[in-house]
Q: 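Quick one: the structure is below, questions incoming.
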Amino acid sequence: TWVNFSAYFHKVIDRFELTKSDNIKFIRKIPREAIFVEVDEDKITQVLDNIISNALKYSPQGGTITFRVRELADEIIVSVSDEGVGIPKADLAKVFERFYRVDKARSRKLGGTGLGLAIAKEVVLAHGGTIWAESKEHKGTTIYFTLPLEREQKDDWYDV
Ligand code: ATP
Ligand code: MG
């Protein structure tokens with residue numbers, strides 16, 4: 001189905017805003033205009049729920065989480081940045097593997113199974129997008145994913 005990603009993303013963030021603790025701040029950098037993407041809304045919601053839960057789980061007191069959407073020519077880039085513990089460089093790609101968790105002791109304390117990002121990757125790839133992480137230890141983490149924009153094929157018109 002076609003989804004206006006700007007409005008939809010706000011709706012997802014609103015749901016987390018209601019239950020988050022007061023000492024975590026949310027910042028939204030989302031275009032005002034509608035951006036239509038063709039997605040399975042339930043599946044993308046699962047992706048965002050996991051990425052945002054992770055950001056909250058690993059955020060320090062007083063931390064800020066920033067939500068961004070950038071519109072490029074043929075895709076949108078969605079990102080969620082936190083100011084948490086970060087992920088060591090060597091683990092950046094591995095966190096998308098099933099059951100992979102950076103610090104076993106810490107992860108066990110925080111709960112979860114280590115499947116969230118593996119599922120997120122599967123869903124994003126199935127939508128024709130890509131997903132990756134950038135991080136600085138003790139500074140924070142940003143998870144990015146893209147979704148393709150299906151623009152009309154101009155060529156078909158001009159050649160007629
Ligand atoms: P689940 O999502 O199944 O509840 P999980 O959150 O541990 O469990 P993933 O979401 O797949 O599993 O994340 C894998 C690992 O990547 C985490 O255990 C954690 O070590 C690391 N990680 C993910 N997101 C962040 C983040 N925002 N900051 C720091 N580490 C992170
Ligand atoms: Mg998770």
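Heavy atoms only: backbone and side chains are in, while hydrogens, waters and symmetry mates are out. Numbering of ligands and ligand atoms starts at 1, following listing order.
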Q: N/O/S of Asn54 less than 2.8 Å from the Mg ion (ligand 2)?
A: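 Yes, Asn54 qualifies, because one of its backbone or side-chain N, O or S atoms lies under 2.8 Å.
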Q: Below 3.5 Å, N or O to N or O, backbone or side chain included: is there any such pair between Asp103 and ligand 1?
A: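 By distance alone, the answer is no.
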Q: Find all atoms of ligand 1 within a distance of less than 4.0 Å from any non-hydrogen atom belonging to Tyr100, and give their numbers and elements.
A: 14 (C), 15 (C)
Q: Side chains of Val37 and Leu149: closer than 4.5 Å at any heavy-atom pair?
A: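 Yes. Closest side-chain heavy atoms under 4.5 Å.
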Q: Is there a nitrogen or oxygen of Leu115 sitting under 3.5 Å from a nitrogen or oxygen of ligand 1?
A: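 It does: an N or O of Leu115 is found under 3.5 Å from an N or O of ligand 1.
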Q: Can you list the atoms of ligand 1 that are under 4.0 Å from a heavy atom of Leu117?
A: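 What qualifies from ligand 1 is 9 (P), 10 (O), 11 (O), 13 (O), 23 (C).
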Q: For Gly84, state whether at least one heavy atom is located under 4.0 Å from any atom of ligand 1.
A: no
Q: Between Ile143 and ligand 1, which residue portion shows a heavy-atom distance shorter than 4.0 Å: side chain, backbone, both, or neither?
A: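 Contact part for Ile143 vs ligand 1: neither.
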Q: May I ask you to check whether Val102 has an N/O atom sitting below 3.5 Å from an N/O atom of ligand 1?
A: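 For ligand 1, there is an N or O atom that lies under 3.5 Å from one belonging to Val102.
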Q: If you count the non-hydrogen atoms of other residues, nucleotides and ligands that lie under 6.0 Å from CZ in Arg15, is the total more than 12?
A: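 Correct, the count exceeds 12.
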Q: Looking at Thr141 and Ser135, would you say the former's side chain and the latter's main chain have a donor-acceptor pair under 3.5 Å?
A: no
Q: Which one of Lys121, His127, Glu122 satisfies the side-chain contact (heavy atoms from CB on, under 4.5 Å) criterion with Leu125?
A: Lys121
Q: Kindly check if the number of other-residue, nucleotide or ligand heavy atoms within 6.0 Å of NZ (Lys20) is above 12?
A: yes
Q: Check each of Val12, Ile52, Val78, Leu48 against Phe67 using the side-chain contact (heavy atoms from CB on, under 4.5 Å) test, and report the only one that passes.
A: Ile52
Q: List every atom of ligand 1 that sits less than 4.0 Å from any heavy atom of Thr113, numbering the atoms from 1 in the order shown and giving each element.
A: 1 (P), 3 (O), 4 (O), 8 (O)
Q: Nearest to atom 5 (P) of ligand 1 by heavy atom, Gly86, Gly114, Gly116, Ala120: which?
A: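 Nearest heavy atom to atom 5 (P) of ligand 1 lies in Gly114.
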Q: Can you list the atoms of ligand 1 that are under 4.0 Å from a heavy atom of Asn50?
A: 2 (O), 10 (O)
Q: Is it true that a side-chain atom of Thr146 and a backbone atom of Thr130 form a donor plus acceptor pair closer than 3.5 Å?
A: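 A pair under 3.5 Å: yes.
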Q: Any Lys/Arg nitrogen of Asp82 or Lys57 sitting under 4.0 Å from an Asp/Glu carboxylate oxygen of the other?
A: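 No.
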